[in-house]
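Sharing a structure below in structure tokens format, with a few things to ask.
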Amino acid sequence: MTQRLTIRRPDDWHVHLRDGAMLAAVAGFTARQFGRAIVMPNLTPPVTTAAAAARYRTRILAALDEGTAFTPLMTCYLTDRSDAADIAAGHADGVFTACKLYPAHATTNSAYGVTDILALTKVLETLQRIGMPLLIHGEVTDRSIDIFDREAVFVERVLTPLTREFPALKIVLEHITTAEAAAFVAEADHPIGATITPQHLMINRNAIFDGGLRPHAYCLPVLKREAHRLAVRRAAVSGSPRFFLGTDSAPHVVGAKESGCGCAGIFNAPFALEAYARVFDEEGALDRFEGFAAEHGARFYGLPLNEGIVTLERDPAVVPDRIGEGDTAVVPFLAGESTGWRFVG
Ligand code: DOR
Ligand code: ZN
């Protein structure tokens with residue numbers, strides 16, 4: 001049995017680094033494992049302009065130890081009033097890597113999100129023309145649609161017409177959770193990819209109700225039933241270049257999770273690579289791990305592969321119950337469990 005696993009330094013194509021004290025507490029976990037990360041713009045207020053993104057990037061770099069080799073890739077939060085010219089200029093200047101589309105009210109800090117995606121014609125035409133990826137939180141927000149169906153309905157009602165209207169628009173369907181999304185991405189005659197989180201590979205919706213209500217297993221899109229988890233797992237280990245690593249690590253202070261109305265988000269950054277390694281190991285697919293973690297995403301984005309390497313070692317170490325204290329105390333994904341791996345460096 002392989003005891004050590006060495007791969008090209010990977011990237012995280014979807015992460016929430018937050019701001020202020022939480023940024024200072026969590027950024028190092030992502031920078032330790034990954035060469036680059038696509039940083040989500042759902043701050044309060046959201047990052048909607050190139051100037052705000054440039055300032056946020058400076059704050060991220062300032063939160064890291066001197067000499068840390070990590071590149072935050074910034075995203076623009078789309079609203080009904082997004083300015084196509086500012087987005088294009090921000091992209092040309094190397095500030096923006098991609099745009100993020102949150103349907104209004106789909107998730108944390110999405111109140112300013114887009115109310116009618118197909119009405120964003122000017123922005124979408126611009127993205128298509130300049131080859132800038134559109135990253136999508138793929139859930140409808142119609143309250144009459146069951147929460148467990150919102151992704152599949154989005155694929156049918158929104159994503160399918162979007163790909164028809166904008167045939168050359170680069171799209172990443174973020175944090176996929178369903179067989180429908182996995183099949184659409186695998187088969188579409190379109191430049192489309194998808195990120196996959198550790199939690200959607202490792203646990204199903206039973207985890208939210210396991211002996212009681214489990215707020216730390218609550219994220220959006222919400223975990224789905226087992227058949228969907230298995231479909232998403234097959235996609236991840238399939239070797240298809242359309243599927244790549246995106247943790248969606250989303251820290252919330254303990255009190256905001258353990259609450260009468262707990263926030264959505266799972267903080268998986270401290271042991272992200274270990275969690276993915278466990279999945280690929282269980283599937284007998286460790287030979288495909290490097291592609292998923294370190295190659296497919298970069299190629300999709302048209303960026304060079306990282307130069308360095310990282311090593312993981314088999315190890316029974318247990319994930320701590322809590323990380324940080326006070327305003328930044330967060331319960332990590334898999335608290336109290338072992339991933340079976342340890343990130344060596
Ligand atoms: O669970 C989630 N948490 N899903 C999202 O889409 C947003 C994220 C957050 O920012 O907390
Ligand atoms: Zn996210």
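Positions are given from 1, in the same order as the sequence printed here. Every number for a ligand or one of its atoms is a count from 1 in the order of the listing. Being a predicted model, the structure only gives us computed values, none of them experimental.
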Identify which one of Phe34, Phe333, Phe292, Phe243 satisfies the ring-ring contact (aromatic ring centres under 6.0 Å, His included) criterion when paired with Tyr276.
->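 The option that passes is Phe292.
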If you count the atoms of ligand 1 from 1 in the order shown, which ones are under 4.0 Å from a heavy atom of Cys219?
->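 Those of ligand 1 that fall under 4.0 Å from Cys219 are 1 (O).
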Taking non-hydrogen atoms only, is Glu174 closer than 4.0 angstrom to ligand 1 via side chain, backbone, both or neither?
->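 Contact part for Glu174 vs ligand 1: neither.
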Donor-acceptor pair between Lys224 and Thr177 side chains, under 3.5 angstrom =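 Yes, side-chain donor-acceptor contact under 3.5 Å.
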The Zn ion (ligand 2) to Glu174: any N/O/S contact under 2.8 Å?
->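 Coordinating: no.
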Can you sort out which atoms of ligand 1 are near Ala250, meaning under 4.0 Å from one of its heavy atoms?
->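 Answer, ordered by atom number: 3 (N), 8 (C), 9 (C), 11 (O).
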If you measure from each heavy atom of His252 to ligand 1, is any distance below 4.0 Å?
->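 His252: in contact with ligand 1 (<4.0 Å).
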Presence of N, O or S from His175 under 2.8 Å of the Zn ion (ligand 2) =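 It does not: His175 brings no N, O or S atom closer than 2.8 Å to the Zn ion (ligand 2).
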Nearest to the Zn ion (ligand 2), which N, O or S atom of Asp248 do we find?
->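 For Asp248, the N, O or S atom at the smallest distance from the Zn ion (ligand 2) is OD1.
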Report the relative orientation of the aromatic rings in His175 and His137; use parallel for angles under 30°, tilted for 30 to 60°, perpendicular for over 60°.
->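 Judged by the thresholds at 30° and 60°, the geometry between His175 and His137 is perpendicular.
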Flag for Arg242-His190: side-chain donor and acceptor within less than 3.5 Å =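 There is no such pair between these side chains.
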Return yes or no for this condition: an N or O of Asn42 is under 3.5 Å from an N or O of ligand 1.
->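 In this structure, Asn42 places an N or O atom under 3.5 Å from an N or O of ligand 1.
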Begin from the C-alpha positions of Arg233 and Glu282 and carry the test salt bridge (Lys or Arg N to Asp or Glu O under 4.0 Å) through to its verdict.
-> CA-CA 11 Å; Arg233 250 170 111 98; Glu282 286 170 355; 2.7 Å; yes
Within the structure, does Ile266 bring an N/O atom to less than 3.5 angstrom of an N/O atom in ligand 1?
->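 No - when backbone and side-chain N and O of Ile266 are compared with those of ligand 1, no distance drops under 3.5 Å.
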Would you say His14 contacts ligand 1, with heavy atoms under 4.0 Å as the rule?
->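 In this structure, His14 fails to qualify as a contact of ligand 1 - no heavy atom is under 4.0 Å.
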Counting backbone and side chain alike, does His16 bring an N/O/S atom below 2.8 Å of the Zn ion (ligand 2)?
->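 A backbone or side-chain N, O or S atom of His16 is under 2.8 Å from the Zn ion (ligand 2).
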Ligand 1 atoms in contact with His137 (distance to a heavy atom under 4.0 Å) =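 What qualifies from ligand 1 is 6 (O).
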Purely on distance, is any nitrogen or oxygen of Pro221 under 3.5 Å from one on ligand 1?
->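 It does not: no N or O of Pro221 is found under 3.5 Å from an N or O of ligand 1.
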Measure the shortest side-chain to side-chain distance between Asp315 and Trp341 over non-hydrogen atoms and say whether it is less than 4.5 angstrom.
->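 With C-beta onward as the side chain, the pair stays apart.
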What's the atom name of the N, O or S in His14 nearest to the Zn ion (ligand 2)?
->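 This residue's closest N, O or S atom turns out to be NE2.
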